[in-house]
Amino acid sequence: MAGPIELNRTAHEHAAALRAGRYTARALMEATLALVRQQEASLNAYITVAGDEALAQADAADKRLREGEAGPLTGIPIAIKDLLSTRGTLTTAGSRMLGNFVPITDCTVVTKLRAAGAVFSGKANLDEFAMGSSTEHSAYGATHNPWDPERVPGGSSGGSAATVAAGGVPIAVGTDTGGSIRQPAAFTGVLGLKPTYGRVSRFGVVAFASSLEQVGPFARDAEDVANLLGAIAGVDASDSTTAPVPVPDYTADFGEGFDGLHVGVPVEFAGDGVEPGVRDAVERAIAVLEANGATIDRDVSLPSASAALPVYYLIAPSEASANLARYDGVKYGFSVHDAPTMWDEMEQTRGRGFGDEVKRRIMLGTYALSAGYYDAYYLKAQKVRTLIRREFEQAFAGHDLLLTPTTPSVAFKIGEKMDDPYAMYLNDLFTIPANIAGVPALSVPCGLSDGLPVGLHLIGRAFEEGTLLRAAHAYEQHTDWHTMRPPAVV
Ligand code: GLN
């Protein structure tokens, strides 16, 4: 094989090089692991970096390539958020509670990625149980932003975002309950997609808030997002919330540009809380859409969207308090054995196994669900959720896409918001409504503010991820923000 491998490529560029025999999947993976290990000293993007099993996966991919059986992901390195169960590989959810948990089965998404021939670079760092917006709430240390190591990469899928942004791997998977794919994508200058609720199986994904979360792709261009989504989407007999909707070719509409797209910019999201540098970058992006055939409508309103954040912080902790009840020290995971009674053992297991943010969520959720408060909080939040869903349906009657900034600010300093949970929660002001409504949404890099990446947020109709990706692809034809890389990283 000739020359060193250029790692800073998209997955489809690697796929073409592999098919052309310019290098092997094994050589690509060896180079990837060497770079990832080197970058770990400054990023801490992984909880587990893959070892020899990745080389065995790469050898299997090479066999498929030789036999002409390769698809777009065959032999492509991919990072997996450490919330997704991987058979035989530690799966911690970023928690001490699962510090010794080695699953006996793969989650459905990992099964599909193996079938596609992807090669796993490792298990990416995250906020504990995906609760957070900075990856600082990990029991395995914070992940650093490749654009500035003193800043957070966002969260909770911060490790997945950071390793893609740093050029360690071209693609990764994360999960998004309230913004955990899109916010870190925005903070690190890569693309991140939250699929429609029910588009991707949650079977085998450590549960946080089951009615809100989806697994989704990170990548450096729309074509890679489309191919990765195509590989992981689809109905699954093991997850009854997946929808029996056929999986299209998500690149099918890539030639169509912005022509005929009606884009709404909701008044509620243009507001005062947005940093000037973020607002400017998003306004410039809107001008690109408008100049190239999209119709922009600024007369759109989602009046109940301002209630999405409080609704989320009732529904998500309520579901979390139920989902996390299983960690009792008896069945699996961290366990305290030497307390005087069973109740003491359980109390100490949970007291020492969970971090502060997780305990805060369990307390919030248990309170919201308790007798006497259920109607006032949880039930009311569900009613407002229905209102928000209806407002989205109305907005989509006349628009193909809605457009907002992904986040009100760029990446903040490590430590800056750790003592102020409410300031941390405000990061997801623009991303949470799509989870509440169950609709798909994508963050696309659209500029820099003070040298840090800004994300453009596109929200689509249920099961119309293809329209989001068509718009992102068109945007990439007119701008080159998706090609920008952090200055300090290889
Ligand atoms: N930041 C939000 C939270 O802390 C969303 C997290 C997520 O999407 N998993 O709950």
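As the structure lists them, so they are numbered: ligands from 1, and atoms in each ligand from 1.
Ligand 1 has an N or O atom lying under 3.5 Å from an N or O atom of T177, backbone or side chain.
Taking the six-membered ring where the residue is Trp, F101 and Y332 present tilted rings, their angle falling between 30° and 60°.
Aromatic rings of F354 and F334 (six-membered ring for Trp) have centroids beyond the 6.0 Å cut-off, not under it.
Q39 and T163 share no side-chain donor-acceptor pair at under 3.5 Å. Side chains of E128 and S95: a donor-acceptor N/O pair is present below 3.5 angstrom, by distance only.
With ligand atoms numbered from 1 in the order given, ligand 1 contributes 2 (C), 3 (C), 4 (O), 10 (O) to contacts under 4.0 Å with heavy atoms of Y313. Per-residue contacts place G178 under 4.0 angstrom from the following atoms of ligand 1 (heavy atoms of the residue considered): 5 (C), 7 (C), 8 (O). The S156 neighbourhood of ligand 1 comprises atoms 9 (N), with distances under 4.0 Å to a heavy atom of that residue. Atoms of ligand 1 found under 4.0 Å from any heavy atom of M131, numbered from 1 in the order shown, are 4 (O). Ligand 1 places these atoms under 4.0 Å from at least one heavy atom of A130: 6 (C), 7 (C), 9 (N).
Summarising the geometry of A162 relative to P153, their closest heavy-atom pair is CB-CB, 4.3 Å, with the distance given to 0.1 Å.
Judged by distance alone, with hydrogens and angles left aside, the side-chain atoms of R199 form a donor-acceptor pair with the main-chain N or O of V245 at under 3.5 Å.
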Inset, instruction - Apply the test side chain to side chain donor-acceptor pair (under 3.5 Å) to residues D106 and T86: give CA-CA distance (whole Å), side-chain angles for both, the deciding distance (0.1 Å), then the verdict. - result: CA-CA 5 Å; D106 284 325; T86 39; 5.6 Å; no
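Under the 4.0 angstrom criterion for non-hydrogen atoms, G179 is in contact with ligand 1. Ligand 1 lies out of reach of E213, whose nearest heavy atom is not under 4.0 Å from it.
For atom 1 (N) of ligand 1, the closest heavy atom belonging to the protein is D428 OD2, 2.5 Å. Shortest contact from atom 10 (O) of ligand 1 to any protein heavy atom: Y312 OH, 2.6 Å. Scanning all protein heavy atoms for the shortest distance to atom 7 (C) of ligand 1 gives S180 OG, 2.4 Å.
Surrounding CD of Q382 are more than 12 heavy atoms belonging to other residues, nucleotides or ligands, all under 6.0 Å away.
Looking at K194 against ligand 1, nothing comes within 4.0 Å, counting heavy atoms. Contact annotation: for Y425 versus ligand 1, there are no heavy atoms closer than 4.0 Å.
In this structure, D127 has no salt bridge (charged side-chain N to carboxylate O under 4.0 Å, His left out) partners at least two apart in sequence or on a different chain.
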